[in-house]
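See structure below.
Chain identifiers are assigned alphabetically (A, B, ...) following the order of the sequence lines, protein sequences preceding nucleic acid strands; residue numbering begins at 1 within each chain.
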Amino acid sequence: MPDSNGKRVSGKIVEVEAYRGPEDRASHAYGGRRTKRTETMYRTGGVAYVYFVYGMYYQFNVVSNVGDVPHAILVRALEPVEGIETMRERRHSHPDHNLTNGPGKLCIAMGIDRQLDGADLLGDRVWIEEYESVSTRRIAKGPRIGIDYAEAWIDKPWRFWIKNNSYVSR
DNA sequence: CAAGTGATTAGC
DNA sequence: CTAATCACTTGC
């Protein structure tokens with residue numbers, strides 16, 4: 001995405017989690033919950049779902065299904081590609097591998113906030129484009145993070161990351 | 001390991 | 001209206 005000076009700030013997605021609509025206890029849309037916040041997830045795929053948690057962090061998701069089916073992919077970590085100086089300023093003086101290796105951190109580094117909630121991911125405010133292909137052998141999977149309340153859904157292996165990539169979150 | 005932070009939600 | 005919760009990060 002462009003920064004305030006029009007320069008590009010970008011990263012390769014190296015870690016994601018899937019959140020599966022009404023039946024997934026861990027999802028904000030569990031049970032079909034449809035509120036002002038979750039409304040974005042019910043849109044047709046290809047838009048951003050951005051929300052605020054823990055009083056200080058944003059999370060960036062990609063809405064991923066047809067309209068009225070609230071599925072989304074949480075982007076948990078990026079490997080910085082462009083605009084790394086901007087990221088360093090925003091995350092002041094953290095080592096580079098710590099710039100974007102978590103869902104809240106990457107939003108700070110990229111400059112993502114609520115204004116991007118519902119943004120078209122093929123638009124010009126924020127977008128996703130093809131960068132390089134990753135063979136399935138290099139992708140690992142495991143349980144999701146931070147959803148201890150999700151009961152039977154806790155152990156679903158819906159977190160995916162690129163093996164041996166140092167920008168994957170802890 | 002625990003606190004911090006405030007929007008969001010559910011429950012009166 | 002009020003209280004509890006939270007798809008996290010940082011600094012003890």
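- Using bins of under 30°, 30° to 60° and over 60° for the plane-to-plane angle, the ring pair W153(A)/W158(A) lands in the tilted bin.
- Proximity note for R91(A) (side chain, C-beta onward) versus dT10(C), dC6(C), dC8(C): the nearest is dT10(C).
- The partner of dA7(C) cannot be assigned: no Watson-Crick or G-U wobble pair with both contacts below 3.5 Å exists in any strand.
- Within 4.0 Å of L74(A), counting heavy atoms only, lies at least one base atom of the nucleic acid.
- When rounded to the nearest whole Å, the span between CG of D148(A) and C1' of dC6(C) equals 12 Å.
- Atom P of nucleotide dA7(C) and atom CG of N61(A) are separated by 11 Å, given to the nearest angstrom.
- Distance NZ (K105(A)) to C1' (dA7(C)): 15 Å, rounded to an integer number of Å.
- What separates NE2 of H71(A) from C1' of dA7(C) is a distance of 16 Å, to the nearest Å.
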Quiz: residues 126-133 of chain A side-chain donor-acceptor pairs under 3.5 angstrom, not counting sequence neighbours:
| unit_1 | atom_1 | unit_2 | atom_2 | d |
| --- | --- | --- | --- | --- |
| W127(A) | NE1 | E129(A) | OE1 | 3.0 |
| E129(A) | OE2 | R8(A) | NH2 | 3.0 |
| E132(A) | OE2 | K12(A) | NZ | 2.5 |

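- Computed from coordinates, the D117(A) CG to dA7(C) P distance equals 16 Å when rounded to whole Å.
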Hey, what are the protein-to-nucleotides 6-10 of chain B N/O distances that come in under 3.5 Å?
| unit_1 | atom_1 | unit_2 | atom_2 | d |
| --- | --- | --- | --- | --- |
| dG6(B) | N2 | Y54(A) | N | 3.3 |
| dG6(B) | N2 | G55(A) | N | 3.3 |
| dG6(B) | N3 | G55(A) | N | 3.4 |
| dT8(B) | OP1 | R114(A) | NH1 | 2.7 |
| dT8(B) | OP1 | R114(A) | NH2 | 2.9 |
| dT9(B) | OP1 | T35(A) | OG1 | 2.4 |
| dT9(B) | OP1 | R37(A) | NE | 3.4 |
| dA10(B) | OP1 | R33(A) | NH1 | 3.3 |

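- Distances were taken from every side-chain heavy atom of R170(A) (C-beta onward) to each of dT9(C), dA7(C), dT10(C); the shortest belongs to dT9(C).
- Counting non-hydrogen atoms under 4.0 angstrom, E17(A) reaches nothing in the nucleic acid.
- A cation-pi arrangement, defined by a distance under 6.0 Å to the six-membered ring centre and an angle within 45 degrees of its axis, is absent between R114(A) and Y51(A).
- A salt bridge does not link E17(A) with R144(A): every distance from a Lys NZ or Arg NE/NH1/NH2 to an Asp or Glu carboxylate oxygen is 4.0 Å or more.
- Across the protein-nucleic acid pair, N98(A) atom CG and dT10(C) atom C1' stand 10 Å apart, rounded to whole Å.
- A salt bridge is defined here as a Lys NZ or Arg NE, NH1 or NH2 lying under 4.0 Å from an Asp or Glu carboxylate O, and K36(A) with D117(A) fails to meet this definition.
- The CZ-C1' distance, from R90(A) to dT9(C), rounds to 18 Å in whole Å.
- Spacing between atom CZ of R144(A) and atom P of dA7(C) amounts to 11 Å, rounded to whole angstrom units.
- Put simply, the residue from L116(A), I73(A), T40(A) that forms a side chain to side chain contact (heavy atoms under 4.5 Å, CB included) with Y49(A) is T40(A).
- The aromatic rings of F52(A) and Y58(A) lie tilted to each other, with the angle between the two planes from 30° to 60°.
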